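All values reported here derive from a predicted model rather than from experimental measurement. All ligand and atom numbering here is 1-based and tracks the order in the structure.
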Amino acid sequence: MTNISELASFLTHLHEKHRSNDEGEVATYIPELGKANPDHFGISMVTADGEEFSVGDVDQEFTIQSICKPLAFLMALEQHGRDKTLSHVGIEPSGDAFNSVELCPKVKRPFNPMVNAGAIATASLIKGVSAEAGVTAFVDCLSKAAGRPLRVDELVFASEASTGNRNRAIAYLLRNFDVIDEHVDHTLHQYFAQCSVLVNCRDLAAIGATLANVGENPQTHTEVFDAFCVRDALAAMFTCGMYDYAGEWAFRVGVPAKSGVAGGIMAVVNRQLGLAVYSPRLDERGNSVRGIKVCADLSDEFGLHAFDCTNFGSSLLRTL
Ligand code: GLU
């Protein structure tokens with residue numbers, strides 16, 4: 001049986017073990033992201049009963065980037081239901097780069113909500129009556145899941161907007177096929193703002209724990225998300241959440257997760273915990289190098305893989 005001090009000391013051990021790894025590069029294609037300190041490294045875990053374990057630079061803020069995508073998908077499902085949402089965005093892995101300017105050729109809609117095309121389609125579904133209303137609703141929802149007020153980083157937002165021509169191309173492709181409505185700029189505003197929400201590791205772990213706890217923040221006991229929509233969003237994370245590493249991630253780590261180009265990873269162990277790692281050096285697929293290693297080690301050590309066969313169906317952490 002795992003006790004709390006054993007878990008805390010294992011996180012400290014992982015931080016020590018991986019902090020000297022300086023492989024990978026900080027993303028620079030959005031100029032503002034290139035200013036991140038490559039050495040920052042934080043690990044946080046929040047259990048489904050609200051205990052937190054954190055080590056390293058866990059209060060350092062960074063932008064959520066693509067980790068916004070499953071959360072926006074979840075909100076679209078809540079607001080529009082499954083059928084309507086899935087008529088705008090599919091649920092199949094694409095096998096192509098996250099920023100591909102493409103739709104699924106058979107049905108002329110984005111492959112899934114974790115690639116930019118799908119995320120822009122879901123941003124269109126949840127944008128508000130005004131540009132600011134939609135962003136405020138999104139930030140408020142994430143703030144409830146994180147347990148503290150969050151905000152958009154205006155510098156990153158401006159940097160995204162001024163360099164986001166590929167996303168503009170995707171949005172007009174979506175418009176051409178009626179996947180999004182005529183308010184293309186409004187949709188892009190929503191998408192760029194969603195990517196630019198500032199979080200720290202502790203926030204991401206709390207958001208992950210809210211998903212693990214089927215939609216209720218386990219620290220504040222606020223009902224944030226609909227449980228059935230959480231299930232759908234976790235399924236999309238499981239199959240498509242880690243860029244072109246999604247299959248190998250499912251194989252090696254075996255939990256739903258989403259990463260972002262600022263260097264965050266949020267992983268969810270259903271009914272058990274949310275895990276977050278922040279380390280901005282990315283591998284060639286766009287995932288945090290240290291983040292992948294920390295999650296893989298934790299999964300191995302505590303039998304977190306969805307198909308784990310060492311704990312006979314009761315993962316060690318469940319006994320916490
Ligand atoms: N804002 C980023 C983009 O659309 C998101 C990238 C990411 O984290 O994958 O390019």
On the ring face of Tyr243, is Lys258 found with NZ or CZ under 6.0 Å from the centre and within 45° of the axis?
-> yes

Contact table, ligand 1 N/O with protein N/O, distance under 3.5 Å:
from	atom 1	to	atom 2	distance (Å)
ligand 1	1 (N)	Gln65	OE1	2.8
ligand 1	1 (N)	Glu160	OE1	2.8
ligand 1	1 (N)	Glu160	OE2	3.0
ligand 1	4 (O)	Asn116	ND2	3.0
ligand 1	4 (O)	Asn167	ND2	3.0
ligand 1	4 (O)	Tyr191	OH	2.6
ligand 1	8 (O)	Ser66	N	3.0
ligand 1	8 (O)	Ser66	OG	2.9
ligand 1	8 (O)	Tyr243	OH	3.1
ligand 1	8 (O)	Val261	N	2.9
ligand 1	9 (O)	Ser66	OG	2.5
ligand 1	9 (O)	Tyr243	OH	2.5
ligand 1	10 (O)	Tyr29	OH	2.7

If a pair satisfies salt bridge (charged side-chain N to carboxylate O under 4.0 Å, His left out) and one of its residues is in residues 107-130, list it, with sequence neighbours excluded.
-> Lys127-Asp181

Any side-chain donor near an acceptor of the partner, Ser94 and Asp96, under 3.5 Å | no

Dump the intermediate steps for side chain to side chain contact (heavy atoms under 4.5 Å, CB included) on His18 and Val294, then the final yes or no.
-> CA-CA 8 Å; His18 295 298; Val294 167; 3.9 Å; yes

With sequence neighbours excluded, tell me which residues meet side chain to side chain contact (heavy atoms under 4.5 Å, CB included) with Ala146.
-> Leu150, Asp203, Ile207

Hydrophobic cluster of Ile91, others only, ordered by chain and residue number, side-chain cut-off 4.5 Å = Phe73, Leu77, Leu86, Val89

